[in-house]
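A quick write-up on the structure given underneath.
Nothing fancy with the numbering, it's 1 onward along the sequence.
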Amino acid sequence: MARQAAQEHDPESLAALIEAEWLHLGRVDGLLTDLITRFDHDQLSRHPALQLIMDRVHTWPGAPGPPPELLGRVERLIESGHFPDGEVRAGMEHLVLLALLDQGHYERARPYAAAIRATTERLAPRPGTDSWKLGSLARHNGVLQFLAGQPAEAGSDLLAVIQLTDVHPDDRAAAAGELALLHAVQGDPAIALRWATYAETVIDGWGLDRLDPRHQVALLGARLIKATDRLDWARYEEILGLLHTADLRHDRHLPFIRYAQLRAALVRGQQRPALDQLAQLLDTAPTHLPPGSLAHSLLAGLETQLAISIGDHDRARAAIPDHLTDHHHVLQQVRWLVATGRCTAAAALISDSRWLDLAPRRGAIELTLTLATALHRTGDHRESARLVLRALTQSGDPQTIGHSLATTDQRTLAAAADWQPAVKATLERLKIILFVPPAPDSELRHEAPLTPRERVILGLLADGGTAAEIAASLYVSVHTVRNQIQRVYRKLQATSRRHAIDIAVSRGLLPPISERRGSAAS
């Protein structure tokens, strides 16, 4: 129909068709571009929605996005009732929502999400309703609510996608991946695993070549957080390798991937480099991290933890907001109070409030463990031990909170094991990795520079070369290359190839992956 309208040189009919069906037309590579370029400048100026659709085709999350004047024109057309009520109007609202979502204007986008949700709830039961279109609308509504830190609303929208009887497999798999990431962030590993398995079932049923791999980043993010929770570093490195093959610069989920990496650094003795990376992330990804968003709360909480771990209490305090509006903020505050010796105040802040009841599973467990530390330091060892046991019980499977235990004051855990035989048995079974102190300042100030050959080795590693391939290209033995790789790791204080590359990029020893790809392509 679209090509027929184009061939018949009927721009008004073609414009109406594109506005009504742009979600479907956009699934065919190049089709929307081909159709919209048939309009001349005057025709396009009469149809701002077409200009916004074209901008949508050629942009990415985090890009400058459409001019505010263009976005405003489309918003005014929606408000005036210019577009037919129902699917067409919802499609235009969805277009505006995506533009706002890409720029991190979550609060401004939420009224559009509410309007779209009302429309889809009204249309979904009707025979002949376009479920593929409704599924896409509901999925992006869920993503918006998730990023904005509204888990209940996000879960409702994402579940609506799964419950539609006929929905595009891209949307079904992506919605399940978002649900997996949502529950992984909240610390519900069993539920996260179920949704991750469901998403992978959809992907396997259709084949990766038929689905958009960009929609699977949330799923990998959920797997990465789970591996970090369990201190499963072999699995962690495996998933990080899969993510390394994708260009995540503009992905909305990049802050959650970085969140998992920074949590890993916290318990692997890499706190100072992690703080530098966090500062760089906060500077380079502002559209993904508006204040009040979930990613901002998670990363601010990690900044507090990382700063406390190296004794920088001023930086830790600066990361805490003035108003404690959610459990993330409360957790930051009590950790800082405990770190600065104000344990009685920390215990009172948790005990005299409802935050333990309001927080999701991970938040409740970490608040409980922090309260246990505060009470231990005030001399209430019995109650402290009871709280440690409560945290282990809350987890369902204590192995899933390995990270939380590894970042808990180890003297608190040892005392709890003395008071509670069940705690002692659990900790012995888990063989918890003790908190790794940061490298001394002297090591960081006097680190040995890489030799020219080691820089070459590092560059070849970053390009994906194996030890055998590097040895062949440099005409040396594999044994020699492996020794040189280990020297590079030691000098960079890295634990893996991916970690070495991240450190090298942050220190300017390697260009970012996008620049390496560009130079390779040329």
Side-chain angles (χ1 to χ4, degrees), residues 60 203 207-209 212-214 216-217 219-221 223-224 227-228 232-251 253-254 257-258 260-262 264-265 268-270 272-274 276-278 280-281 284-285 439 443-522:
W60 56 84
I203 294 169
L208 280 173
D209 57 333
D212 190 338
R214 293 173 298 178
Q216 313 312 322
V217 175
L219 174 60
L220 290 174
R223 295 291 196 190
L224 193 67
T228 311
D232 185 350
W233 303 126
R235 180 65 172 150
Y236 170 87
E237 296 293 348
E238 177 187 350
I239 299 168
L240 208 56
L242 294 173
L243 286 164
H244 187 52
T245 63
D247 186 354
L248 300 177
R249 289 172 300 161
H250 309 302
D251 193 277
H253 301 93
L254 175 62
I257 306 302
R258 294 291 181 253
Q261 291 179 282
L262 293 167
R268 298 175 81 177
Q270 301 152 8
R272 287 188 176 86
D276 293 338
Q277 292 169 18
L278 178 55
Q280 184 180 19
L281 175 62
T284 58
E443 291 185 25
L444 294 175
R445 285 197 298 265
H446 303 296
E447 55 195 19
L450 297 182
T451 65
R453 173 51 65 94
E454 288 166 350
R455 284 176 175 264
V456 171
I457 294 286
L458 180 61
L460 293 172
L461 283 173
D463 290 335
T466 64
E469 291 168 343
I470 295 171
S473 66
L474 298 178
Y475 301 102
V476 296
S477 71
V478 175
H479 178 73
T480 298
V481 169
R482 286 174 177 158
N483 284 338
Q484 290 171 330
I485 290 173
Q486 289 305 312
R487 282 201 296 272
V488 169
Y489 285 3
R490 282 198 298 273
K491 288 182 178 182
L492 295 179
Q493 300 178 21
T495 57
S496 67
R497 176 195 297 248
R498 173 68 197 194
H499 187 212
I501 293 168
D502 285 344
I503 293 173
V505 170
S506 69
R507 295 183 186 175
L509 300 175
L510 283 175
I513 186 171
S514 57
E515 295 180 18
R516 295 201 301 276
R517 286 176 176 167
S519 62
S522 60

> Atom CG of L450 and atom CG of L492: how far apart are they, to the nearest 0.5 Å?
Replying inline: 5.0 Å

> Among all residues two or more places apart in sequence or in another chain, which pass the side chain to side chain contact (heavy atoms under 4.5 Å, CB included) test with A468?
Replying inline: T466, V478

>> Please find the pair of heavy atoms, one from G465 and one from I470, that lie closest to each other, and give the distance.
In response: O-CD1, 3.9 Å

> Roughly how far apart are R487 CZ and E454 CD, rounded to 0.5 Å?
Replying inline: 5.5 Å

> Quick one: are V481 and L460 in side-chain contact, heavy atoms under 4.5 Å?
Replying inline: no

> Quick one: does L474's side chain get under 4.5 Å of T480's, heavy atoms only?
Replying inline: no

>> For R497 versus G464, what's the shortest heavy-atom pair and its separation?
In response: NH1-C, 3.6 Å

> What's the shortest heavy-atom distance between A274 and L262, and which atoms?
Replying inline: O-CD2, 3.3 Å

> Residues in side chain to side chain contact (heavy atoms under 4.5 Å, CB included) with L220, at least two apart?
Replying inline: I239, L242, L243

> Of the non-hydrogen atoms in L224 and T228, which two are nearest, and what is the gap between them?
Replying inline: O-OG1, 2.8 Å

> Can you name the nearest heavy-atom pair linking A504 to L458, along with the distance?
Replying inline: CB-CD2, 3.5 Å

>> I'd like to know whether Q484 forms a side chain to side chain contact (heavy atoms under 4.5 Å, CB included) with V456, so could you lay out the CA-CA distance, the side-chain angles of the two residues, the decisive distance to 0.1 Å, and finally the verdict.
In response: CA-CA 10 Å; Q484 290 171 330; V456 171; over 6 Å; no

> Do R272 and D276 touch side chain to side chain, with heavy atoms closer than 4.5 Å?
Replying inline: no

>> Show the nearest heavy-atom pair for residues Y236 and Q261, with the distance to one decimal.
In response: OH-CA, 3.3 Å

